[in-house]
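Read the structure below first, then the notes.
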Amino acid sequence: METFQILCNVAVIILALYYYFTSILNFWKVRGVRGPRPIPGFGNSKDILLRRIKLGDYMIKLNSEYKDEPLIGLFDMREPILIVKDPDLIKDVLIKDFTTFANRGYSIHEKVEPLTQNLFFLEAKRWRTLRTKLSPVFTSRKLQGMFLMISVCADHLVDYMGQLVNKNEPVECVEVMANYTLDCIGICAFGIEMKALSDKENEYRRIAKQIFKPPVKGLLRLRLKQFSPRLYAILGHILPDTKLNSFFINLVLNNIAYREKNNIVRNDFIDILRELKKHSDKMDFDFTDTLMVSQAFTFYAAGFETSSTAISNTLYELALNQEIQDKLRKEIDEEYAKHGSSLLYDNIKKMNYLEKVFKESLRKYPPLINFTRVAQSNYTFKDTEISIPKGQTIWIPIFALQHDPHIYPEPDVFDPERFNEEAVRSRHPMFYLPFGDGPRNCIGARFAIYQSKIGLIKMLRNYKFESCEKTKIPYERNDNTFIVKPKNGIYLKITKINRT
């Protein structure tokens, strides 16, 4: 009898688990959305979890298999995910019906991870207020004011590269460019000379590395958060990232205190935060110190990592395509010949081929694989009978769309002419979204573009970039990072250009 009861209990548990893992699997079928058949417990994530395929490649595969479908339904474990790939529907999500899709849906753990309260992760209510207040930092006028500071950082980059070239060894570009962009952000946003290029043991760079390459404890925290956000909210405090949190809290609060004490005004990112804090009583939420610091954290983190990777990816493609590199250098030299060594903000805007090259680099290597949005109410897609419930997660597969051969023929070929005027007019604008679109696009996109372009201009004017025995061909993406970046860096042969 006892054995029978045990067997019954086991059967009940098995049936309960089976129901738990399978009850959701008809979610897309009953809504008339096509997609790959899910596996109980894994959904459509098995091969990704087992590292058999990278997420970006899987998105490309799905996009090809369901090329005529405007929407694709799949499952991330048990969670139903809707992939929106029709450009008009993407426009509805990002722009026309933005109020329905204002949330990105990332979990925020204010006690465990106070720095997640930033513009990228925040829910719509706090995001909307802070976005409006912080946007003035990134206007064209502000960028013009930052131009000289960025240019000085780029000169330091050129000098530092000269030291590396003299060693006559391949140069790992991602690390070098990360130090350059960190110096730019330090002086432009925080009023601090971080000296990441000149100091290998620099604390600012060491902390920055931990954001995207966390230590073992950080990886455990990340995995726990991915598999069980609710459990993470309860147990996450056991593995707190106190060093990272403390560093940024001290960086911002000490900076503000110093400026207040010495009556320093720079009209930069820190000063905007100071003003927000002074007038926080006018906000309809509590503008805490950690909420304030979180905004500085996201600018610090996203600004140096995405830009340094974009510069490095561009140099990689130029090294593999010497005729494109020569053509771009010719345009740069011609602009210098017109204006002398005093390159100005407006001169860069006139470099049309540089614009094409950089856009093609971001086309081939966008910062993210997918954009995520979450419906804040029930929603029916235009000209379809497909409806989704409130809380539904949506992925916009930007990496797959920017590698779609029907949109960009031979997508693995680096071709800047994809962005000549005629080619751009022939494509739907939603097929090129490296920085997103609509109200929740990347707030620092213009800053990222200009610090990248200034760095590229000064590097290409002084150095030639070529592949070498350590250059990874073909390019291999790192599937352990949040953004699209190379797996083991980018090694190039760099030669000084002698000008007489």
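Below, each value reflects all heavy atoms present in this structure, side chains not excepted, and no hydrogens, waters or symmetry copies. Note that this is a predicted model, so its numbers are computed, not measured.
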So that I know where these two stand, are Phe120 and Tyr106 an aromatic pair - ring centroids less than 6.0 Å apart?
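When the ring centroids of Phe120 and Tyr106 are compared, they turn out to be within the sub-6.0 Å range.
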Would you please indicate yes or no on a ring centroid separation below 6.0 angstrom for Phe419 and Tyr432?
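Yes - the distance between ring centres of Tyr432 and Phe419 falls below the 6.0 Å cut-off.
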Test your reading of the model: is there a side-chain donor-acceptor pair from [X] to the backbone of [Y], 3.5 Å cut-off?
X: Ser64; Y: Ile60; answer: no
X: Glu466; Y: Ile494; answer: no
X: Tyr58; Y: Ile53; answer: no
X: Thr181; Y: Phe304; answer: yes
X: Asn420; Y: Glu417; answer: yes
X: Thr288; Y: Leu291; answer: yes
X: Gln376; Y: Thr99; answer: yes
X: Arg418; Y: Pro409; answer: yes
X: Asp437; Y: Met430; answer: no
X: Asn321; Y: Glu317; answer: yes

Could you tell me the separation between the [atom1] atom of [X] and the [atom2] atom of [Y], rounded to the nearest 0.5 Å?
X: Met177; Y: Thr314; atom1: CE; atom2: OG1; value: 10.0 Å
X: Ile272; Y: Phe269; atom1: CD1; atom2: CZ; value: 8.5 Å
X: Gln451; Y: Cys184; atom1: CD; atom2: SG; value: 4.5 Å
X: Leu182; Y: Asn202; atom1: CG; atom2: CG; value: 7.0 Å
X: Asp88; Y: Asp383; atom1: CG; atom2: CG; value: 8.5 Å

Between [Y] and [X], is there a side-chain heavy-atom distance shorter than 4.5 Å?
X: Leu130; Y: Phe287; result: yes
X: Asp76; Y: Asn44; result: no
X: Ile249; Y: Ser246; result: no
X: Leu134; Y: Leu276; result: yes
X: Pro486; Y: Ser312; result: no
X: Ser308; Y: Tyr180; result: no
X: Ile443; Y: Leu119; result: yes
X: Phe447; Y: Ile150; result: yes

One pair to check against side chain to side chain contact (heavy atoms under 4.5 Å, CB included): Leu82 and Leu71. What are the steps and the verdict?
CA-CA 7 Å; Leu82 183 65; Leu71 304 163; 3.9 Å; yes
Taking all heavy atoms of [X] and all of [Y], pick out the closest pair and write down the distance.
X: Ile324; Y: Phe414; value: CD1-O, 3.6 Å
X: Gln325; Y: Leu318; value: NE2-O, 3.0 Å
X: Ser294; Y: Pro114; value: OG-O, 2.9 Å
X: Ile95; Y: Gly438; value: CG1-CA, 3.7 Å
X: Thr139; Y: Arg446; value: CA-NH2, 3.8 Å
X: Ser467; Y: Leu320; value: CB-CD2, 3.8 Å

So if I apply the side chain to side chain contact (heavy atoms under 4.5 Å, CB included) rule between Ile72 and each of Arg34, Met59, Lys85, Glu65, which one comes out positive?
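Among Arg34, Met59, Lys85, Glu65, the one that satisfies the side chain to side chain contact (heavy atoms under 4.5 Å, CB included) with Ile72 is Lys85.
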Out of Leu94, Thr393, Ile90, which residue meets the side chain to side chain contact (heavy atoms under 4.5 Å, CB included) rule with Arg373?
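Looking at Leu94, Thr393, Ile90, the match for Arg373 under the side chain to side chain contact (heavy atoms under 4.5 Å, CB included) is Leu94.
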So, are [X] and [Y] salt-bridged, with charged N and O less than 4.0 Å apart?
X: Lys356; Y: Glu360; result: no
X: Arg205; Y: Glu175; result: yes
X: Glu469; Y: Lys493; result: no
X: Glu323; Y: Lys327; result: no

Would you check, one step at a time, whether the test side chain to side chain contact (heavy atoms under 4.5 Å, CB included) holds for Asn118 with Leu122?
CA-CA 6 Å; Asn118 58 65; Leu122 277 177; 5.8 Å; no
For the residue pair Tyr300 and Phe190, categorise the inter-ring angle as parallel (less than 30°), tilted (30 to 60°) or perpendicular (more than 60°).
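Correct class here is perpendicular.
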CA sep, side-chain torsions, deciding dist, call: Asn378, Gln392, side chain to side chain contact (heavy atoms under 4.5 Å, CB included):
CA-CA 9 Å; Asn378 296 342; Gln392 176 59 54; over 6 Å; no
Solution key, residues 395-405 side-chain donor-acceptor pairs under 3.5 Å, sequence neighbours excluded:
| from | atom 1 | to | atom 2 | distance (Å) |
| --- | --- | --- | --- | --- |
| Gln402 | OE1 | Leu433 | N | 2.9 |
| Gln402 | NE2 | Leu362 | O | 3.1 |
| Gln402 | NE2 | Arg363 | O | 2.8 |
| His403 | ND1 | Phe399 | O | 2.8 |
| His403 | NE2 | Lys364 | O | 3.1 |
| Asp404 | OD1 | His406 | N | 2.8 |
| Asp404 | OD1 | His406 | ND1 | 3.2 |
| Asp404 | OD2 | Asn63 | ND2 | 2.9 |

Would you check, one step at a time, whether the test side-chain hydrogen bond (donor to acceptor under 3.5 Å, both in side chains) holds for Asn313 with Ser361?
CA-CA 7 Å; Asn313 289 337; Ser361 181; 5.4 Å; no
Within a radius of less than 6.0 Å around NZ of Lys54, do more than 12 heavy atoms belonging to other residues, nucleotides or ligands occur?
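For Lys54, atom NZ is crowded (more than 12 foreign heavy atoms under 6.0 Å).
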Mark yes when over 12 heavy atoms from residues, nucleotides or ligands other than Lys67 sit less than 6.0 Å from its NZ; otherwise mark no.
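No, NZ of Lys67 has 12 or fewer neighbouring heavy atoms, counting only those of other groups under 6.0 Å.
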So is Arg31 actually on top of Phe27's ring, under 6.0 Å and inside 45° of the axis?
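Flagged: Arg31 positioned over aromatic ring of Phe27.
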If a pair satisfies ring-ring contact (aromatic ring centres under 6.0 Å, His included) and one of its residues is in residues 360-387, list it, with sequence neighbours excluded.
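Residue pairs passing ring-ring contact (aromatic ring centres under 6.0 Å, His included), neighbours aside: Phe101-Tyr379, Tyr365-Tyr475, Tyr379-Phe381.
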Lys453 vs Glu355, salt bridge (Lys or Arg N to Asp or Glu O under 4.0 Å): CA-CA, chis, key distance, verdict:
CA-CA 9 Å; Lys453 284 185 175 181; Glu355 176 78 354; 2.3 Å; yes
For a ring-ring contact (aromatic ring centres under 6.0 Å, His included) check, start with the C-alpha distance between Tyr316 and Phe465, then their side-chain angles and the critical distance, and finish with the verdict.
CA-CA 8 Å; Tyr316 174 84; Phe465 295 82; over 10 Å; no
Report the C-alpha separation of Thr129 and Lys125 in whole Å, then their side-chain angles, then the decisive distance to 0.1 Å, and conclude whether the side chain to side chain contact (heavy atoms under 4.5 Å, CB included) test is met.
CA-CA 7 Å; Thr129 298; Lys125 179 182 177 181; 5.9 Å; no
